[in-house]
Number of protein chains: 2
Amino acid sequence: MQLSLAEENYLKAIYFISGPERNLVNTNAVAERLDTKAATVTDMLRKLKKKGLVSYEPYKGVRLAETGEKLAIGILRKHRLWETFLVEKLSFGWEEVHEIAEQLEHVRSSKLTERLANFLGNPQFDPHGDPIPNKEGVFPRRENLTLDKAEVGDFLLVKGVKDSSVDFLNYVAKLGIRLGDSIEVMGVESFDQSMKLKHEGSVLHLSAMACANIYISRG
Amino acid sequence: MQLSLAEENYLKAIYFISGPERNLVNTNAVAERLDTKAATVTDMLRKLKKKGLVSYEPYKGVRLAETGEKLAIGILRKHRLWETFLVEKLSFGWEEVHEIAEQLEHVRSSKLTERLANFLGNPQFDPHGDPIPNKEGVFPRRENLTLDKAEVGDFLLVKGVKDSSVDFLNYVAKLGIRLGDSIEVMGVESFDQSMKLKHEGSVLHLSAMACANIYISRG
DNA sequence: ATAAATTTTTAGGCAAATCTAAAAATGAAT
DNA sequence: ATTCATTTTTAGATTTGCCTAAAAATTTAT
């Protein structure tokens with residue numbers, strides 16, 4: 001199926017808003033995410049329904065149909081592969097790559113996608129630690145443990161970030177924390193749950209909020 | 001200046017049709033190249049003129065203004081860099097890359113373009129041997145000597161192809177001829193100017209037409 | 001030089017994706 | 001349960017890029 005750029009972006013938006021539980025998605029939520037108006041969204045939902053990509057009942061909400069979800073995941077795969085390319089091969093910072101990948105993800109050539117994946121060593125996770133679905137749309141498993149759940153004395157590995165906003169990415173980059181770094185939990189402040197951490201030999205203090213947005217694994 | 005995809009494609013089309021002599025370009029020629037109708041082209045030319053990208057007088061023809069040419073060359077730079085990436089890094093055949101590069105060339109990020117160029121080792125020529133303009137829009141020089149101009153006994157290097165159509169590229173690839181290969185002219189058939197060549201140890205026969213589409217250098 | 005053929009433009013429309021404003025449906029609150 | 005607020009849809013326009021058909025300009029041929 002040959003989708004327009006707009007159609008692809010709507011599928012992606014619905015995919016992300018509906019989340020892993022595949023909830024019904026409101027017209028307004030889509031409008032807000034795509035920075036457009038509800039009326040515009042309604043038009044597009046009718047169009048996507050006619051194409052069989054979503055199930056949509058007026059006033060009820062929308063969710064992706066199977067075809068629609070497959071397509072959305074395909075775009076996500078391309079997005080995350082390109083982000084990996086930009087960081088690994090072209091030395092971009094992880095906070096810079098999203099915008100460029102938003103363009104690259106729409107390039108149509110499955111051969112290109114698969115060769116790119118291969119060139120990158122078929123990575124399972126992108127530079128933010130987000131899972132890259134394989135060609136069949138299957139996501140690799142990731143522990144969804146965040147740093148705020150760790151305990152004093154734990155030795156941890158940084159696996160990713162939950163919040164991929166430019167602000168947070170910049171903050172984390174400024175601290176010098178990168179994927180794969182090891183961290184030791186030295187203490188937790190009982191007043192505000194902020195954490196005292198040992199990272200690359202030096203000591204760091206992170207707010208509970210920051211910790212809740214860093215994925216880690218034990219060991 | 002933020003151009004639409006259509007606008008970029010018109011600039012490119014005018015650039016190629018006008019050739020190195022920067023000739024006036026007919027409405028019909030643009031229509032044919034872009035597989036569209038003359039009326040549509042007229043509309044777009046008026047739009048491009050209003051933006052200052054072309055000089056255009058009704059019934060006379062169109063040519064690129066300085067800004068328009070700069071933009072066209074910028075797109076060409078991106079196109080040829082991406083082609084180089086696809087062939088050098090992703091092992092695509094030179095006949096496959098044009099279509100994909102047509103999409104990639106529209107990705108907007110000068111930082112991406114320059115990092116890509118750097119990643120590729122700032123190549124001067126693309127996989128077809130076509131010159132890649134630098135950031136400032138300056139083209140590297142290429143000898144414009146073609147194989148049909150060579151003489152018996154000449155030792156030559158393959159520098160590129162003049163005709164980049166899929167058909168011709170496939171033909172040349174099938175013969176096993178690649179950029180940088182060396183060729184010795186063993187003879188020219190006086191009847192039809194076809195050439196007998198030694199290439200990689202074996203003997204080849206090429207029509208005059210094929211020879212006229214292969215760029216070479218002496219030595 | 002005039003007629004015929006060709007090229008180009010103008011005029012009027014269409015589809016996609018967007019918008020604003022108004023109407024209708026739904027959900028919340030008394 | 002009825003009113004009020006919110007959400008969503010409908011109705012009517014706009015812009016971009018394209019189309020066909022007809023008119024106008026240019027070029028070619030007699």
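Residue numbers begin at 1 in each chain, while the letters A, B, ... track the order of the sequences.
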Next item on the list: Considering just the side-chain nitrogens and oxygens of Asn26(A), establish if one lies under 4.0 Å of OP1 or OP2 belonging to dT8(D).
Entry: yes
Next item on the list: Give Asp43(A) one of three labels, base, sugar-phosphate or nothing, depending on what nucleic acid heavy atoms sit under 4.0 Å from its own.
Entry: base
Item checked: Any Tyr59(A) side-chain N or O less than 4.0 Å from OP1/OP2 of dA23(C) -> no
Checklist line | Sequence-distant partners of His98(A), ring pair (Phe, Tyr, Trp, His ring centres under 6.0 Å), two or more places apart | finding: His79(A)
Item checked: Among dT18(C), dT8(D), dT20(D), the one nearest Tyr10(A) by side-chain distance -> dT18(C)
Checklist line | Phosphate OP1/OP2 of dT8(D): any Asn28(A) side-chain N/O under 4.0 Å | finding: yes
Margin query: Nearest whole Å is fine: how far is dC18(D) P from Arg46(B) CZ?
Written below: 15 Å
Check: If you look at every strand shown and take non-hydrogen atoms under 4.0 Å, does Thr36(B) touch a base, only sugar-phosphate, or nothing?
Finding: sugar-phosphate
Check: Closest nucleotide of DNA chain C for Glu7(A) versus for Lys60(A): which of these residues is on the 5' side?
Finding: Glu7(A)
Margin query: Rounded to whole Å, how long is the line connecting atom CG of Leu24(A) with atom P of dT8(D)?
Written below: 11 Å
Notebook entry, point to check: The side chain of Thr27(B) lies closest to which of these nucleotides: dT9(D), dC18(D), dT8(C)?
Noted result: dT8(C)
Next item on the list: Could you check how far CG of Leu5(A) sits from C1' of dT18(C), rounded to whole Å?
Entry: 14 Å
Next item on the list: Could you check whether Thr42(A) gets within reach of a base, just the sugar-phosphate, or nothing at all, counting any heavy atom under 4.0 Å?
Entry: base
Notebook entry, point to check: On DNA chain C, nearest-nucleotide positions of Thr40(A) versus Pro58(A): which is more 5'?
Noted result: Thr40(A)
Contacts table for residues 51-60 of chain B: side-chain donor-acceptor under 3.5 angstrom, sequence neighbours left out:
{"unit_1": "Lys51(B)", "atom_1": "NZ", "unit_2": "Glu7(B)", "atom_2": "OE1", "d": "3.3"}
{"unit_1": "Lys51(B)", "atom_1": "NZ", "unit_2": "Glu7(B)", "atom_2": "OE2", "d": "3.0"}
{"unit_1": "Glu57(B)", "atom_1": "OE2", "unit_2": "Lys49(B)", "atom_2": "NZ", "d": "3.3"}

Checklist line | Lys89(B) to Phe119(B), cation-pi by 6.0 Å centre distance and 45° axis angle | finding: yes
Item checked: Aromatic ring proximity Phe85(B)/Phe85(A), centre distance under 6.0 Å -> yes
Check: Rounded to whole angstroms, how far apart are CE on Met44(A) and C1' on dC19(C)?
Finding: 14 Å
